[in-house]
2 protein chains.
Amino acid sequence: MTLAPSALRPLATDDIRPLADSVYERLVGGIVDGSLPPGGKLSERSIAAALGTSAQPVREALRRLEGEGLVETRPRSGSSVALMDTRRLAEMGRIRAVLEGAAADLAARHATPEDLQRLEQRLDAMRDATEYGDTATLRLANEAFHTALHAIGDNPFLIRGLQALRAYDHIGRARVLASDDQPRQALAEHAAILAAIAARDPEAAERQMRAHTFRSLSVAFPEETRG
Amino acid sequence: MTLAPSALRPLATDDIRPLADSVYERLVGGIVDGSLPPGGKLSERSIAAALGTSAQPVREALRRLEGEGLVETRPRSGSSVALMDTRRLAEMGRIRAVLEGAAADLAARHATPEDLQRLEQRLDAMRDATEYGDTATLRLANEAFHTALHAIGDNPFLIRGLQALRAYDHIGRARVLASDDQPRQALAEHAAILAAIAARDPEAAERQMRAHTFRSLSVAFPEETRG
DNA sequence: CATTCAAAACTGCAATAGCAGATGCCCGGC
DNA sequence: GCCGGGCATCTGCTATTGCAGTTTTGAATG
């Protein structure tokens, strides 16, 4: 731990959620934006001091990150940010694709009319952002679409897993500084996914979602996604 | 917390691993074997007292279980064993199928000759147990095969996720008290998976593994796996 | 200058204590 | 007999403290 990265400035305490959650988000942010570099040591005490908390919430956050593969811990030695080459990033993208597919499958099985309406709204937001060429809000709208879709499945394992995998996506895109991801094609794919869900066709929903996620991945990692 | 279930007898302390890991395994065992019934309250203090530890390791174990969906926590109220109907169990089985498929894909890409040899050994063990009709060791050998396959991918997210999902499989099989799962067919499917991995065919490996896991699931949940 | 070994500094890890919020119980009123 | 409010209890949650194992450092020795 050299000088305190910006991800480790003190934490606002006026929160009702467990501190470990805030610490977790801070650490994820630092790992994603690179201020906590791969291989860098993550000392419970140092982080706690920098964030103005005690060691325990930090410890819980590190455990969670360890379970998600973003942090590696040697039993009595310490934790460090996991080293990730493009192969690992592409791997995580593949896993994300299959989990997104599973989420779409579940959504097609269980979506209520309200759920479908919400997805329509998100899709409209994406369409607007695409027409205006507003890539920042397009990205947010895209994430909102996926998040809403995950919520339909109402499966805690899927929701948490996909949230964790999103970090890898951010890392990958930041590292290869991609890339518009062909917004119009992505829009069309989202529409097709939604249509499959509305048609209560789990098999098609999964297939479309998986292909969409994988194609989006292949924009960032053309090398590792051949075949 | 009424009377202490057998899963909550005191913990042996002569361990070098973090206590939270031991607590986690105990709680998983209790949830799987039903001694910690669905909906039952899980008080940090009570569990800690019963296990002879402090509250902190228990808390970490509960957080992990929460991330895996086995436990539900209301922010300042408390944790309880998640309620799981057959639909949820079948859902988790579907997710397990796609993750097992992803693991097989990775294995086909990265397996070393030593890895293939280890898988061969596990498969032989399964073959022996099948011929002798020894269902107990067959089950262990089956798990050993899958565990070895997961390890090949060397992906912490997959390894941890699949380990967590195994609990759901145990719960499901215990609840429907299935079922020999047609050992010979399972054996043939494992052999086909191994062949695909050895042939470096990720697509086939994933497809075979997914079909295998799903078919195995459909034995326990014929209702929820139609279509 | 390189090596080694011991001590100091640091680390994960667990236990204890205390606080604030949530739960449940009991008692008084309708 | 049923309902509601206040108090006791219990809960999650965080901080503080202390211990044991690890890593690093630095000096003495070859």
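Each chain gets a letter, A, B and so on, in the order its sequence line appears, and its residues count up from 1.
- Applying the 4.0 Å criterion to OP1 and OP2 of D:dA15, one finds that A:Ser54 has a side-chain N or O inside that range.
- The CZ-P distance, from B:Arg17 to D:dG21, rounds to 17 Å in whole Å.
- Rounded to whole Å, the distance from CZ on B:Arg63 to P on D:dG12 is 11 Å.
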Run the numbers on B:Val71 and B:Ser79 for side chain to side chain contact (heavy atoms under 4.5 Å, CB included), then give the verdict.
CA-CA 7 Å; B:Val71 158; B:Ser79 300; 3.8 Å; yes

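- One atom, NZ of B:Lys41, and another, C1' of D:dT9, lie 16 Å apart when rounded to the nearest Å.
- Annotation: B:Arg17, atom CZ; neighbour count of heavy atoms from other residues, nucleotides and ligands within 6.0 Å is above 12.
- If you measure from atom CD of A:Glu44 to atom P of D:dT14, you get 15 Å, rounded to the nearest angstrom.
- Between B:Arg76 and C:dA20, a side-chain N or O to OP1/OP2 separation shorter than 4.0 Å is absent.
- In this structure, CG of A:Leu51 is placed 15 Å from C1' of D:dA15, rounded to the nearest angstrom.
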Assess whether side chain to side chain donor-acceptor pair (under 3.5 Å) is satisfied between B:Ser54 and B:Gln56, documenting all intermediate values.
CA-CA 6 Å; B:Ser54 77; B:Gln56 175 160 355; 5.5 Å; no

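- Comparing A:Arg74 and A:Pro18 against DNA chain D, the residue whose closest nucleotide sits nearer the 5' end is A:Pro18.
- Paired with A:Glu100 under the rule side-chain contact (heavy atoms from CB on, under 4.5 Å), one option of A:His150, A:His212, A:Glu206, A:Arg210 passes, and it is A:His150.
- Here C:dA22 is the nucleotide among C:dA22, D:dA15, C:dA14 with the atom lying nearest to any side-chain atom of B:Ser77.
- Checking C:dC13, D:dC13, C:dT11 against every side-chain atom of A:Ser43, the shortest atom distance belongs to C:dT11.
- Side-chain N/O atoms of A:Arg59 include one lying less than 4.0 angstrom from OP1 or OP2 on C:dA14.
- Listed candidates were C:dG12, D:dT14, C:dA15. Nearest to the side chain of B:Gln56 is C:dA15.
- Here the side chain of B:Ser46 is nearest to one of D:dG12, C:dG12, D:dT11, namely D:dT11.
- Nucleic acid contact class of A:Arg45 (heavy atoms, under 4.0 Å, all strands): base.
- The CG atom of B:Asp21 sits 12 Å away from the C1' atom of C:dC13 (whole-angstrom rounding).
- When rounded to the nearest whole Å, the span between CD1 of B:Ile16 and P of D:dA20 equals 12 Å.
- When distances are taken from the side chain of A:Thr53 to each of C:dT11, D:dT11, D:dA15, the shortest belongs to D:dA15.
- Put simply, CG on B:Leu11 is 15 Å from C1' on C:dA15, counting in whole angstrom units.
- Counted within 6.0 Å of CZ on A:Arg166, heavy atoms from surrounding residues, nucleotides or ligands total more than 12; the atom is thus considered enclosed.
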